[in-house]
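The structure under discussion appears below in the form of structure tokens.
Below, chain A is the first sequence line, B the second, and so on; all start at residue 1.
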Amino acid sequence: MASPLPSAVLTKLESDLKRRTANFPPLEKVNPILNTSDFDPSSTHVSLLQKCVQTNSFQQAPVIHAHIVKSGTQQDLFVMTSLVNVYGKCGAMEAARKVFDHLSKRNVVTWTSLMSGYVHNSHPEEAIQVFIQMLEHGSYPTNYTIGVVLTACSALCHVNIGKQVHGYVLKYGLEDDTSIGNSLCNLYSKCGGYLESAMKAFWRIGERNVISWTTIVSACGDNGDSAAGLGLFSAMLEEGIEPNEFILTSVLSLCCTLQAIEFGLQVHSLSIKIGYASNLPVTNSIMYLYLKIGLFSEARKLFDGLEKVSIVTWNAMIAGHAQMMDVAENNLVAFRNGVEALGMLLRLQRSGLKPDLFTLSSILTVCSNLVALEQGEQVHAQAIKTGFLSDVVVGTALVNMYNKCGSIKKASKAFVEMPSRTLISWTSMITAFAQHGLSQHALDLFNDMRLAGDRPNKVTFVGVLSACSHAGMVDEGLSYFEMMKNEYKIIPVMDHYGCMIDMYVRLGRLEEAFDFVKKMEVEPNEFIWSLLVAGCRSHGNLELGFYAAEHLLCLNPKDPETYTMLLNMYVSAGRWKDASRVRKAMKDEKVMKLKDWSWISIKSKVYSFKPDCPQFEEVDVLLGDLLEKSRDLGYEWKEIPENEEIEGRVHHSEKFAVVFGLLNTEKPAVIRVVKSMSMCRECHDFIKIVSALTKREIMVRDSKRLHRFSDGKCSCGDFGSLL
DNA sequence: ATAGGGTTAG
């Protein structure tokens, strides 16, 4: 996680802090725990001000301030400190600073209140400046002060500044203080990559409270060791510490990442036992967990049983449906979940709640998966209006949405306009360029990312390697593959191997592709074999092709697409014996029939084709016309009689959807179709020709990959896994 | 009068 401030500012802050904490007075002069028993609780002003914070009625603060001035108590230290605090809490930092600057007397609590105001208002660097000024002034911090400074350091994500304060803590032996320990633990967790330091700080705490445990448990989750977090939660229970809603939600979120069903169910029953059955945040988390592990009706039950819902409840439901789209077994199920999620957005808006940045980013994901450009553009407008566009996650979701909806220009514009970038936003844009065949753009951006000091992860390298494979850059591909392993210590996963094999296959270097498969350190999966099959078919190496296809079948003996593809391969090679063997196997294995289903989204409305269609007469006329013209250009459509029971040779639904798109949209809009199964070669050839005939860009996302057709060519380079 | 924790996202 990068700091929001320029590094020069941070370096200066670090050295100032170092200078001020270096020559500190001997321990006896420092009083870390301030005796506050001389506080005068009888002051009406202080208790009124306290009420302001408690009830969020911040408009009252200036009124009370005026009263303080009138009643002449404006030099009462307790009253004025309280005022600094209240102004800070309500976001009126100028007012807080003004009050502070006009005081003739200040104590450490006054200083701490001002600092805490700056932290609350996202100006951690100011908080640290005030801390330095306080030290220069000759005041000494208390454990509360150190806590605030450490929170400021966490917000800066600058571990070295935090370490200066940590040094101070060690010097005065304050590391066993609970609140300081909690803040230290939080610092190392938020700076990323310092889980061990966070653990050390945690175990040094004298008396760990439930906040200490929550901090370390979520630190585990934030730093990629969720399993350790579950272990620590159990340890806390053994120590007899009663969980509260905070740690329950933290642990449930770990269960989500780990897909720890058993543990999650236990946490659920524990929550009920200790009285959190109707606690909203806990219920939201449990509901989200149920959605993530696919226990749909359980989640629904919880949702329906809620008397009051919050925006988080809706967000969890929407996000749950959005991620169901990713794991759905086919595009049809995904589509239904997406429509459901869009319906939920409507219901949440009708209930009077306002979508927040979580809602917007989830909905953008839904739009990406539905390839619903117009809906996505509406969300874009909403993000501009509400100011949520400045959020990195919303920005990244927007880049992904435009990319998946076929607009690389708008995706790249959204990326350029982002105020800050993360590993994920870089990766999204690199992947987008790669998917659109703009390999050099992708590689240049990867270079920019490294220059910006952001560390690529394995997903980034999938983008980089696929850019190389699309452009046939074997040498570059190999060197990035080595860079990933040696320089970044990333162990290649199936997707990386897939890119490398795709690279050889596209160039027709089948032997090398097979060699690479043999050298892989993991067992090749269906994805790898289907790449080999596609390559062999394209380059006419039938023997290797059948070998790979039979392998594919072994791995997934129930997959109707594999059977259909293999059958088509044997039929077109005239190997009737093999064809009937496959047909028999399909019957014996009771292989399901392929469901051919396409849809297209035009102006926020979704039309479906299976393969009958709306506006049939007009579509039929145009389709007939296009078929005739494409026959002249060499397109061959072989119809096989129905009784052959082959699903591969009919007019598939995407033909109708594409023609419907041609009739109902204008150039230069991209025609975007989603399809429930893989495209077959015939339809693939046909749409290539249509893109040339009509000079339109056509996108089809099938069950395996994205095809972008323009000028008679497809982005998959005909190496998509086709039936 | 000042502190420390959580849910939903890419």
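Closest to the side chain of A:His120, from the set B:dT2, B:dG6, B:dA3, is B:dA3. Of the candidate nucleotides B:dA9, B:dG6, B:dG4, B:dA9 has the atom nearest to the side chain of A:Asp391. If you check B:dG10, B:dA3, B:dT7 against the side chain of A:Thr249, the one that comes closest is B:dT7. In this structure, the nucleotide among B:dT8, B:dA1, B:dG10 sitting nearest to the side chain of A:Tyr288 is B:dT8. When distances are taken from the side chain of A:Leu357 to each of B:dT2, B:dA9, B:dG4, the shortest belongs to B:dA9. Here B:dG6 is the nucleotide among B:dG4, B:dA1, B:dG6 with the atom lying nearest to any side-chain atom of A:Phe246. The side chain of A:Thr365 lies closest to B:dG10, out of B:dG10, B:dT7, B:dG5. If you check B:dG4, B:dA1, B:dT8 against the side chain of A:Ser253, the one that comes closest is B:dT8. Checking B:dA9, B:dA1, B:dG10 against every side-chain atom of A:Ser362, the shortest atom distance belongs to B:dA9. Closest to the A:Phe78 side chain, of the nucleotides B:dT7, B:dA1, B:dT2, is B:dA1.
Following rounding to the nearest Å, A:Leu49 (CG) and B:dA1 (P) show an atom-to-atom distance of 11 Å. Rounded to an integer number of Å, the gap from OH of A:Tyr276 to C1' of B:dT7 is 14 Å. Going from atom NZ of A:Lys404 over to atom C1' of B:dG10 covers 11 Å, rounded to whole Å. Taking atom CD on A:Glu207 and atom C1' on B:dG4, their separation rounds to 15 Å, with Å as the unit. Separating the CG atom of A:Leu77 from the C1' atom of B:dT2 is a distance of 12 Å, rounded to the nearest angstrom. As a whole-Å value, the separation of A:Leu360 CG from B:dT8 P is 17 Å. Whole-Å rounding puts the A:Ile216 CD1 to B:dG6 C1' distance at 16 Å. A straight line from CG of A:Asp222 to P of B:dT8 spans 11 Å, rounded to a whole angstrom.
Between A:Lys410 and A:Glu417, none of the side-chain N atoms (NZ, or NE/NH1/NH2) sits under 4.0 Å from a carboxylate O, so this pair counts as no salt bridge.
Annotation: A:Phe303 is in aromatic contact with A:Trp314 [ring centroid separation under 6.0 Å].
Residue A:Ser428 is classed as having no contact, given no heavy-atom separation below 4.0 Å to the nucleic acid. Looking at heavy-atom distances under 4.0 Å, A:Thr110 makes no contact with the nucleic acid at all. When heavy atoms are screened at a 4.0 angstrom cut-off, A:Lys89 is found touching the sugar-phosphate backbone but no base atom. Within 4.0 Å (heavy atoms only), A:Thr151 reaches sugar-phosphate atoms of the nucleic acid but no base atom.
Side-chain N/O atoms of A:Asn209 and A:Thr178 include no donor and acceptor closer than 3.5 Å. Side chain to side chain, A:Thr422 and A:Ser425 meet the donor-acceptor criterion of an N or O pair below 3.5 Å.
Between A:Thr215 and B:dG5 there is no side-chain polar atom (N or O) within less than 4.0 angstrom of OP1 or OP2. Between A:Asn186 and B:dG4 there is no side-chain N or O to OP1 or OP2 distance below 4.0 Å.
For A:Glu207, the CD atom counts as loosely surrounded, since its 6.0 Å shell holds 12 or fewer non-hydrogen atoms of other residues, nucleotides or ligands.
Residue-to-nucleotide contacts include a donor-acceptor pair under 3.5 Å from the side chain of A:Thr422 to the base of B:dG10. Contact of A:Ser179 with B:dA3 (side chain to base): a donor-acceptor pair of N or O atoms is detected under 3.5 Å.
A:Phe233 pairs by the ring-ring contact (aromatic ring centres under 6.0 Å, His included) definition with nothing, not counting sequence neighbours. Partners of A:His137 by side chain to side chain donor-acceptor pair (under 3.5 Å), not counting sequence neighbours: none found.
Non-hydrogen atoms lying under 4.0 Å from DNA chain B are contributed by A:Val312, A:Asn315, A:Ala319, all within residues 310-322 of chain A.
Checked by atom type and distance alone, the side chain of A:Arg106 pairs as donor or acceptor with a backbone atom of A:Phe100 at under 3.5 Å. With hydrogens and angles disregarded, a donor-acceptor distance shorter than 3.5 Å links the side chain of A:Ser390 to the backbone of A:Gly387.
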